Asker: 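My structure is below; once you've seen it, I'll send some questions.
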Amino acid sequence: MLEVNSVNKSYGKRHVLTDFSMSAEQGEIIGLVGENGAGKSTLLKILATLSKPDSGELYLNGKPYKKYFKAHRTVIGYVPQDIAIWEDLTVIENMKFFQKLSPAKKSVHELKTLLNDIQLDRHDTKVSKLSGGMKRKLNLAISLINNPEFLLLDEPTAGIDLKSRIEIGEFLKTHAKNNDTLIIYTSHDMNEIKDLCDRVVIIGKDSFYKDLLAEYIK
Ligand SMILES: Nc1ncnc2c1ncn2[C@@H]1O[C@H](COP(=O)(O)OP(=O)(O)OP(=O)(O)O)[C@@H](O)[C@H]1O
Ligand SMILES: [Mg+2]
């Protein structure tokens, strides 16, 4: 379970997060929406322990981030908005590389199963030869190596075709249900949000999203 209480974050004079609060349960898929620059990526970085808030409290399973951030890191999976994989390595070589950095030990067979689950079967192809959608799938597979209880996905479906988008969506739904994983993800696609999410959290002051959401959810 995640609890975020009155988090504030500024970059210089720019207030990005102002008294932001939310909570979420295991097994939920939460869509985080808001305009460009609203602070979605900033929040995900804080939730992923990669950035610290200026003030406010965060708890995962009742344990505060301030004290337990290293322990939390081992149960969090994070896919940054910008794809972060080795272009000169093959798909499976990337999986093996990130597996070494992960506390969970998975066999090559298990790593391949994970790739197949996400419908990425070109295990021996160099990443530089993959399409953008396949790279996103690989980034997602890497984030799952440590069997995270809490998965943070920053625009995992940005710029990818409908087929891969649906495959990723179906995968995430099944994954959240079967593993009781809490997933928070951002997207600018309201149809996708509607199909995939149990709940939506709006970030920023913009009432545009509140109105749009009311239209979509009714
Ligand atoms: N490291 C940084 N240093 C200074 N300003 C930053 C930094 N990271 C983000 N910002 C600023 O903070 C604001 C929020 O950025 P953030 O990336 O969190 O927005 P976002 O909601 O993810 O936007 P997008 O939809 O475009 O991805 C923006 O104005 C951005 O320029
Ligand atoms: Mg962003």
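Heads up: numbering here begins at 1 and tracks the sequence. All of these numbers come straight from a predicted model, not from anything done at the bench. Counting starts at 1 for both ligands and their atoms, following the listed order.
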Asker: When you compare ligand 1 with Asn36, is there at least one nitrogen or oxygen pair between them that comes in under 3.5 angstrom?
Answerer: yes

Asker: Quick one: which of Ser187, Ala158, Gly39, Gly204 has a heavy atom closest to atom 19 (O) of ligand 1?
Answerer: Gly39

Asker: Does an N or O anywhere in Val16 fall below 3.5 Å from an N or O of ligand 1?
Answerer: no

Asker: Indicate if the distance from the Mg ion (ligand 2) to the nearest N, O or S atom of Thr42 falls below 2.8 Å.
Answerer: no

Asker: Considering heavy atoms of the protein only, find what lies nearest to atom 17 (O) of ligand 1 and give residue, atom and distance to 0.1 Å.
Answerer: Ser41 CB, 3.6 Å

Asker: Does the pair Asn116 and His123 meet the rule for a side-chain hydrogen bond (donor to acceptor under 3.5 Å, both in side chains), with working shown?
Answerer: CA-CA 9 Å; Asn116 292 338; His123 301 170; 3.0 Å; yes

Asker: Does the pair Gln81 and Ser41 meet the rule for a side-chain hydrogen bond (donor to acceptor under 3.5 Å, both in side chains), with working shown?
Answerer: CA-CA 7 Å; Gln81 189 166 351; Ser41 298; 2.7 Å; yes

Asker: Establish, from distance only, whether the side-chain atoms of Lys106 and Asn146 form a donor-acceptor pair under 3.5 Å.
Answerer: no

Asker: What is the closest protein heavy atom to atom 25 (O) of ligand 1, and at what distance does it sit?
Answerer: Lys40 NZ, 2.7 Å

Asker: Any idea which atoms of ligand 1 are less than 4.0 Å away from a heavy-atom of His188?
Answerer: 25 (O)

Asker: Enumerate the atoms of ligand 1 whose separation from the nearest heavy atom of Glu155 is less than 4.0 angstrom.
Answerer: 25 (O), 27 (O)

Asker: Looking at Lys126 and Glu93, is any side-chain nitrogen of the basic one under 4.0 Å from a carboxylate oxygen of the acidic one?
Answerer: no

Asker: May I ask you to check if any N/O/S atom from Ser41 comes under 2.8 Å of the Mg ion (ligand 2)?
Answerer: yes

Asker: Look at atom 23 (O) of ligand 1 and say which protein heavy atom is nearest, naming residue and atom and giving the distance to 0.1 Å.
Answerer: Gly37 N, 2.8 Å

Asker: Short list, please: which atoms of ligand 1 are under 4.0 Å from a heavy atom of Glu35?
Answerer: 21 (O)

Asker: So that I can tick it off, tell me whether Glu57 and Lys66 are bridged by a salt bridge, with the cut-off set at under 4.0 angstrom between side-chain N and carboxylate O.
Answerer: yes

Asker: Any nitrogen or oxygen of Gly34 lying under 3.5 Å from a nitrogen or oxygen in ligand 1? Just yes or no.
Answerer: no

Asker: Test side-chain hydrogen bond (donor to acceptor under 3.5 Å, both in side chains) on His15 and Ser10; report intermediate values, then the result.
Answerer: CA-CA 4 Å; His15 297 283; Ser10 300; 3.0 Å; yes

Asker: So which protein heavy atom does atom 1 (N) of ligand 1 come closest to, and at what separation?
Answerer: Tyr11 CE2, 3.7 Å

Asker: Out of Leu172, Ile76, Val75, which residue meets the side-chain contact (heavy atoms from CB on, under 4.5 Å) rule with Leu151?
Answerer: Leu172

Asker: Using the ring of Phe69 (Phe, Tyr or Trp, six-membered ring only), decide whether Lys52 places NZ or CZ under 6.0 Å from its centre and within 45 degrees of its axis.
Answerer: yes

Asker: Quick one: nearest non-hydrogen protein atom to atom 15 (O) of ligand 1, plus distance?
Answerer: Thr42 OG1, 3.8 Å

Asker: Does atom 31 (O) of ligand 1 have any protein heavy atom closer than 4.0 Å?
Answerer: no

Asker: So does Glu155 pair up with Lys40, basic N to acidic O under 4.0 Å?
Answerer: no

Asker: What are the atoms of ligand 1, with element, lying closer than 4.0 Å to any heavy atom of Arg14?
Answerer: 13 (C), 28 (C), 29 (O)

Asker: For Asp121, is there an ion pair with Lys112 - N to carboxylate O distance below 4.0 angstrom?
Answerer: no

Asker: Which ligand 1 atoms, with their elements, are less than 4.0 angstrom from a heavy-atom of Gln81?
Answerer: 27 (O)

Asker: Would you say Lys100 has more than 12 foreign heavy atoms packed within less than 6.0 Å of its NZ?
Answerer: no

